[in-house]
Amino acid sequence: MQISGAVALVTGANRGLGKHFAQQLLSRGAKVYATARRPELVDLPGATVLALDITDPASVAAAAAAAPDVTLLVNNAGLDTATGLVTGDLDRIRLELDTHFWGTLAMIRAFAPQLAGGAILNVLSAMSWFNYPGHTAYGVAKAAEWNLTNGVRLELAEQKTLVTALHLGAADTDLSDYDGPKGDPAVLVRAGLDGLEQDRAEVVADEWTAHVKASLAGDPSDFYR
């Protein structure tokens, strides 16, 4: 995958990791469609701004029609409703899945025909592989998005679409309310884009995420204790 000369579409590009993705893609020589539910909040000179709500099928279809030349799809849009599974609001839990699973799948289904020979980068999380009190709905949604990524990678292999999963821990953006060590979003995004250019199926962007992945080979009680 060569980013220079590619045509990229980034979801959730108005802030956080999405804005970093759009900026770094532009600096690497890509044409960029920067999308957001509120496009008026996107401030990215050089990018083409589109309105997009990945949970709305009509909005997804409109974006695909407006960007028929996309060769790289960056599925970054997401949210964390800080909702638990047992007593949490079911509508908020559904919103997590509508966004991370169904929204990501809708984008892939809409853009897959034009991504033959191109690539998809799904922004996942260390929480694809563990869960945390108060954010368990998010963990479920990210786990579902992880295996979605594995599944579409198999299905799109014949048309030579690279499907890369970027797993990362907490990033130092205004979207994170985690009170602990956070990674530099520019460094995390750079790791994902470097992984694309190396044709990697998976990028583990930081030490915490590598630790979480390694724990899967052990007893879960050891990790959670």
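Just so you know, these numbers come straight off a predicted model, no measurement behind them. Along the sequence shown, residues are numbered consecutively beginning with 1.
- To the nearest 0.5 Å, atom CZ of residue Arg153 and atom CG of residue Asn147 are 10.0 Å apart.
- In this structure, Ser59 contributes its side chain and Pro57 its backbone to no donor-acceptor pair below 3.5 Å.
- Gln2 and Ser4 share no donor-acceptor pair across their side chains, judged by distance under 3.5 Å alone.
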Q: Please step through side chain to side chain contact (heavy atoms under 4.5 Å, CB included) for the pair Val49 and Thr35, ending with a clear verdict.
A: CA-CA 6 Å; Val49 179; Thr35 74; over 6 Å; no
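- With ring centers used as reference points, Phe130 lies under 6.0 Å from Trp208.
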Q: Show your working on side-chain hydrogen bond (donor to acceptor under 3.5 Å, both in side chains) between Asp219 and Tyr224 and close with a plain yes or no.
A: CA-CA 9 Å; Asp219 190 307; Tyr224 286 101; over 6 Å; no
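- When the shell of 6.0 Å around CD of Gln198 is examined, it contains more than 12 heavy atoms from other residues, nucleotides or ligands.
- A side-chain donor-acceptor contact under 3.5 Å links Thr136 to the backbone of Leu85.
- Looking at Arg109 and Glu155, no side-chain N of the basic residue comes within less than 4.0 Å of a carboxylate O on the acidic one, giving no salt bridge.
- Between the side chain of Gln114 and the main chain of Ala67, a donor-acceptor pair closer than 3.5 Å is present.
- Under a hydrophobic-cluster definition in which Ile, Leu, Val, Met, Phe, Trp and Tyr are linked whenever side-chain heavy atoms come within less than 4.5 Å, directly or via other members, Leu121 and Leu73 are assigned to different clusters.
- Atoms CG and CG, on Leu72 and Leu162 in that order, are 9.0 Å from each other to the nearest 0.5 Å.
- Between Leu79 and Leu95, some side-chain heavy-atom pair lies under the 4.5 Å cut-off.
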(Q) Pair Tyr33, Val10 - check side chain to side chain contact (heavy atoms under 4.5 Å, CB included), show working. (A) CA-CA 6 Å; Tyr33 291 100; Val10 181; over 6 Å; no
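- Nearest heavy atom pair, residue Gly12 against residue Asn76, reads O-ND2, 3.2 Å.
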Q: Start with the C-alpha gap between Phe111 and Leu9, add the side-chain angles, then the distance that decides, and say whether side chain to side chain contact (heavy atoms under 4.5 Å, CB included) holds.
A: CA-CA 10 Å; Phe111 283 88; Leu9 184 144; 3.8 Å; yes
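- In the hydrophobic cluster analysis, where Ile, Leu, Val, Met, Phe, Trp and Tyr join through side-chain heavy atoms closer than 4.5 angstrom, Ile54 is grouped together with Phe101.
- A salt bridge between Asp69 and Lys31 is present, with a side-chain N of the basic residue lying under 4.0 Å from a carboxylate O of the acidic one.
- Distance check, rounded to the nearest 0.5 Å: CG of Leu193 to CG of Leu25 gives 5.0 Å.
- Summarising the geometry of Ala36 relative to Val42, their closest heavy-atom pair is CB-CG2, 3.8 Å, with the distance given to 0.1 Å.
- You'll find the side chain of Thr104 stays beyond 4.5 Å of the side chain of Thr11, heavy atoms only.
- Contact detail for Ala205 and Leu168: the closest heavy-atom pair is CB-CB, 4.1 Å.
- Side-chain contact between Val32 and Thr48 is absent, with no heavy-atom pair separated by less than 4.5 Å.
- Transitive grouping of hydrophobic side chains (ILVMFWY, heavy atoms separated by less than 4.5 Å) keeps Val74 and Val163 in distinct clusters.
- No side-chain heavy atom of Arg15 sits under 4.5 Å from any side-chain heavy atom of His20.
- Put simply, Leu52 and Trp102 are part of the same group of oily side chains (I, L, V, M, F, W, Y) that touch within less than 4.5 Å, one to the next.
- With contacts defined as side-chain heavy-atom distances shorter than 4.5 Å, the pair Leu166/Leu196 does not qualify.
- The two atoms that bring Asp194 and Arg28 nearest to each other are OD1-NH2, 2.8 Å, heavy atoms only.
- Hydrophobic clustering, with ILVMFWY side chains joined whenever heavy atoms are under 4.5 angstrom apart, keeps Leu44 apart from Phe21.
- Side-chain atoms of Glu197 come within 3.5 Å of backbone atoms of Ile3 as a donor-acceptor pair (strictly under, hydrogens ignored).
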Q.
What verdict does the side chain to side chain contact (heavy atoms under 4.5 Å, CB included) test give for Val203 and His167, after you've listed the backbone C-alpha separation in whole Å, the side-chain angles of each residue and the deciding distance to 0.1 Å?
A. CA-CA 6 Å; Val203 177; His167 293 270; over 6 Å; no
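- Residues Met1 and Thr71 share a closest heavy-atom pair of CE-O, 4.4 Å.
- Ring geometry, Phe223 versus His211: the interplanar angle falls from 30° to 60°, so the pair is classed tilted.
- Note: Asp89 CG to Ile93 CD1 = 7.5 Å, rounded to the nearest 0.5 Å.
- In this structure the side chain of Leu115 never reaches within 4.5 angstrom of the side chain of Leu156, judged on heavy atoms.
- In this structure, Trp129 and Thr209 have side chains that are in contact, with non-hydrogen atoms separated by less than 4.5 Å.
- For the atom pair OH (Tyr138) and CG (Asn131), the distance works out to 10.5 Å, reported to the nearest 0.5 Å.
- More than 12 heavy atoms of other residues, nucleotides or ligands sit less than 6.0 Å from atom CD of Gln159.
- Rounded to the nearest 0.5 Å, atoms OG1 (Thr149) and CG (Leu154) are 11.0 Å apart.
- Closest heavy-atom contact between Lys142 and Val123: NZ-O, 2.9 Å.
- Counting heavy atoms from C-beta on, the side chains of Thr164 and Asn122 never come closer than 4.5 Å.
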